[in-house]
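First up is the structure itself, then whatever we jot down about it.
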Amino acid sequence: MRVAIFDFDGTLYTKETFKLLMEHLKNHPTYKQYYKNFYRSILPLYIRYKLKLLPESIMKERSMRLYLQALDSLTMTELLEFFKSMHNKMMPDFNEQVINRLTEHRKEGYHVLLVSGAYTPFLKAVTSHLTFDQVIGTDIPSIGEKIAMDRPFLHIQGTRKNEQISQALQGVTVDWDNSFAYGDSISDLPVLEKVGCPVAVRPDEKLTVVAKKRNWEIL
């Protein structure tokens with residue numbers, strides 16, 4: 001089986017979703033009341049990151065925890081509706097060139113995966129117009145309908161993406177040499193190196209250097 005793996009932020013979607021999530025909360029007619037406390041909680045974290053006192057990976061994981069904590073009075077159903085309400089606003093900023101590649105791979109029989117650090121229910125909600133065989137994201141811990149932030153929270157980033165991909169494809173023989181992966185950031189390198197056909201999408205400076213040196217395709 002051949003696979004095609006797509007990153008979300010900066011690849012399938014041209015912008016950063018966490019900034020969008022912050023704006024959505026700030027301007028939401030019902031839930032904007034939670035924004036002020038969220039902002040106060042995340043500000044010291046962001047300052048430490050900008051002062052290089054906190055690694056980016058830890059900053060991102062803690063930020064995602066704080067966002068969920070700000071909304072922990074919502075049920076999982078309410079949270080999903082909150083994410084769904086972002087779909088139409090995001091539509092114009094999907095990368096049509098990457099969507100075309102996704103469509104081509106599906107027609108050619110590839111097993112298509114969306115792999116991202118974004119919340120899994122968010123990914124499913126805002127890509128409802130697209131079809132994936134599997135969606136791998138950061139799961140929101142819950143007990144029934146209740147968000148449960150006292151449970152383990154695993155932000156999917158870096159090498160964790162490969163771990164989750166391997167787990168999702170366990171027991172399947174994959175033709176990695178003829179498989180594709182799409183990513184925009186140097187943090188996507190572990191996934192891009194996993195396949196024979198890596199594609200750098202609007203790559204950041206560090207990934208651009210690697211892609212050019214290795215003669216990878218650049219979109």
Side-chain angles (χ1 to χ4, degrees), residues 1-14 17 57 60-61 64 80 83-84 87 90-91 93-141 152-204 206-208 210-219:
M1 181 177 73
R2 297 173 300 172
V3 301
I5 304 167
F6 292 85
D7 175 49
F8 190 70
D9 281 27
T11 304
L12 186 61
Y13 184 68
T14 59
T17 56
S57 59
K60 286 183 175 180
E61 183 162 353
M64 292 187 71
L80 180 58
F83 291 149
K84 284 180 178 179
H87 180 260
M90 292 176 66
M91 281 291 288
D93 295 309
F94 276 82
N95 189 322
E96 286 298 326
Q97 194 173 13
V98 177
I99 289 176
N100 290 339
R101 288 295 186 93
L102 190 159
T103 303
E104 289 174 12
H105 288 313
R106 288 201 59 81
K107 288 179 179 178
E108 293 166 354
Y110 283 75
H111 187 82
V112 180
L113 298 93
L114 176 60
V115 183
S116 169
Y119 304 118
T120 308
F122 166 83
L123 290 170
K124 291 180 178 179
V126 301
T127 63
S128 58
H129 60 296
L130 302 172
T131 302
F132 296 96
D133 294 296
Q134 288 176 283
V135 175
I136 298 172
T138 296
D139 291 337
I140 297 174
F153 178 80
L154 185 67
H155 182 214
I156 306 304
Q157 57 178 319
T159 56
R160 286 179 182 172
K161 288 187 176 182
N162 276 357
E163 293 169 3
Q164 295 297 310
I165 291 168
S166 296
Q167 185 175 327
L169 298 174
Q170 191 172 9
V172 177
T173 300
V174 177
D175 180 1
W176 290 110
D177 287 343
N178 291 298
S179 290
F180 283 76
Y182 296 80
D184 70 300
S185 167
I186 194 66
S187 65
D188 297 317
L189 194 59
V191 177
L192 293 168
E193 290 179 328
K194 193 176 181 69
V195 301
C197 306
V199 182
V201 181
R202 300 171 61 187
D204 63 19
K206 290 182 179 179
L207 183 58
T208 297
V210 173
K212 288 183 176 179
K213 185 177 180 179
R214 301 184 185 181
N215 292 317
W216 289 355
E217 183 182 3
I218 298 176
L219 293 182

Are [X] and [Y] side-chain neighbours, meaning at least one heavy-atom pair lies under 4.5 Å?
X	Y	result
F153	I140	no
K212	I218	yes
V135	F6	no
Q164	V115	no
L130	I99	yes
Y182	L219	yes
V191	N162	yes
L207	L192	yes

Minimal non-hydrogen separation, [X] against [Y], with atom names:
X	Y	value
M64	G117	CE-O, 3.2 Å
R214	L189	NH1-CD1, 4.4 Å
S179	Y110	CA-CE2, 4.4 Å
S128	A125	OG-O, 3.4 Å
P152	P141	O-CB, 3.8 Å
G158	P190	C-CG, 4.2 Å

Short question: side chain of [X], backbone of [Y] - any donor-acceptor pair under 3.5 Å?
X	Y	result
D9	T17	yes
T138	I156	yes
T208	P203	yes

Just how far is it from atom [atom1] of [X] to atom [atom2] of [Y], taken to the nearest 0.5 Å?
X	Y	atom1	atom2	answer
Q167	L169	CD	CG	10.5 Å
D139	T120	CG	OG1	4.0 Å
S57	E61	OG	CD	8.0 Å

Exercise for the section: Could you please spell out the steps behind the side chain to side chain contact (heavy atoms under 4.5 Å, CB included) verdict for T131 and R106? Expected result: CA-CA 9 Å; T131 302; R106 288 201 59 81; 3.6 Å; yes
Review point. Which of these passes side chain to side chain contact (heavy atoms under 4.5 Å, CB included) with F132: L113, V112, L123?
Key: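 For F132, the side chain to side chain contact (heavy atoms under 4.5 Å, CB included) test succeeds with only one of L113, V112, L123, which is V112.
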(request) Applying side chain to side chain contact (heavy atoms under 4.5 Å, CB included) between D7 and each of D184, V98, L12, report the one that passes. (result)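 The residue from D184, V98, L12 that satisfies side chain to side chain contact (heavy atoms under 4.5 Å, CB included) with D7 turns out to be D184.
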Partner of D188 by salt bridge (charged side-chain N to carboxylate O under 4.0 Å, His left out), out of R202, K161, K206, K194: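 The single option meeting the salt bridge (charged side-chain N to carboxylate O under 4.0 Å, His left out) with D188 is K161.
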**Request:** Taking only Lys NZ, Arg NE, NH1 and NH2, and the carboxylate oxygens of Asp or Glu, determine whether R101 and E217 approach each other closer than 4.0 Å.
**Result:**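 Salt bridge between R101 and E217, a charged N being under 4.0 Å from a carboxylate O: yes.
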- Evaluate the ring planes of F94 and Y13, with Trp represented by its six-membered ring, and classify them as parallel (under 30°), tilted (30 to 60°) or perpendicular (over 60°).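 Geometry flag for Y13 against F94: perpendicular rings.
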Next on the checklist: Under a 3.5 Å cutoff, is there a donor and acceptor pairing between the side chains of H129 and H87?
Outcome noted: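 Per modelled atom types, H129 and H87 side chains form a pair under 3.5 Å.
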Between H155 and Y119, a side-chain donor and acceptor under 3.5 Å
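No, Y119 and H155 have no side-chain donor paired with an acceptor closer than 3.5 Å.
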In this structure, are over 12 heavy atoms from other groups packed under 6.0 Å from E108 atom CD?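 For E108, atom CD is crowded (more than 12 foreign heavy atoms under 6.0 Å).
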Check your understanding: Hey, mind stepping through R160 and E163 against side chain to side chain contact (heavy atoms under 4.5 Å, CB included) and telling me if it holds?
Key -> CA-CA 5 Å; R160 286 179 182 172; E163 293 169 3; 4.0 Å; yes
Practice problem: Show your reasoning for whether side chain to side chain contact (heavy atoms under 4.5 Å, CB included) applies to V195 and F180. | Solution: CA-CA 6 Å; V195 301; F180 283 76; 5.6 Å; no
Would you please test V172 and H111 for side chain to side chain contact (heavy atoms under 4.5 Å, CB included) and show each step? CA-CA 11 Å; V172 177; H111 187 82; over 6 Å; no
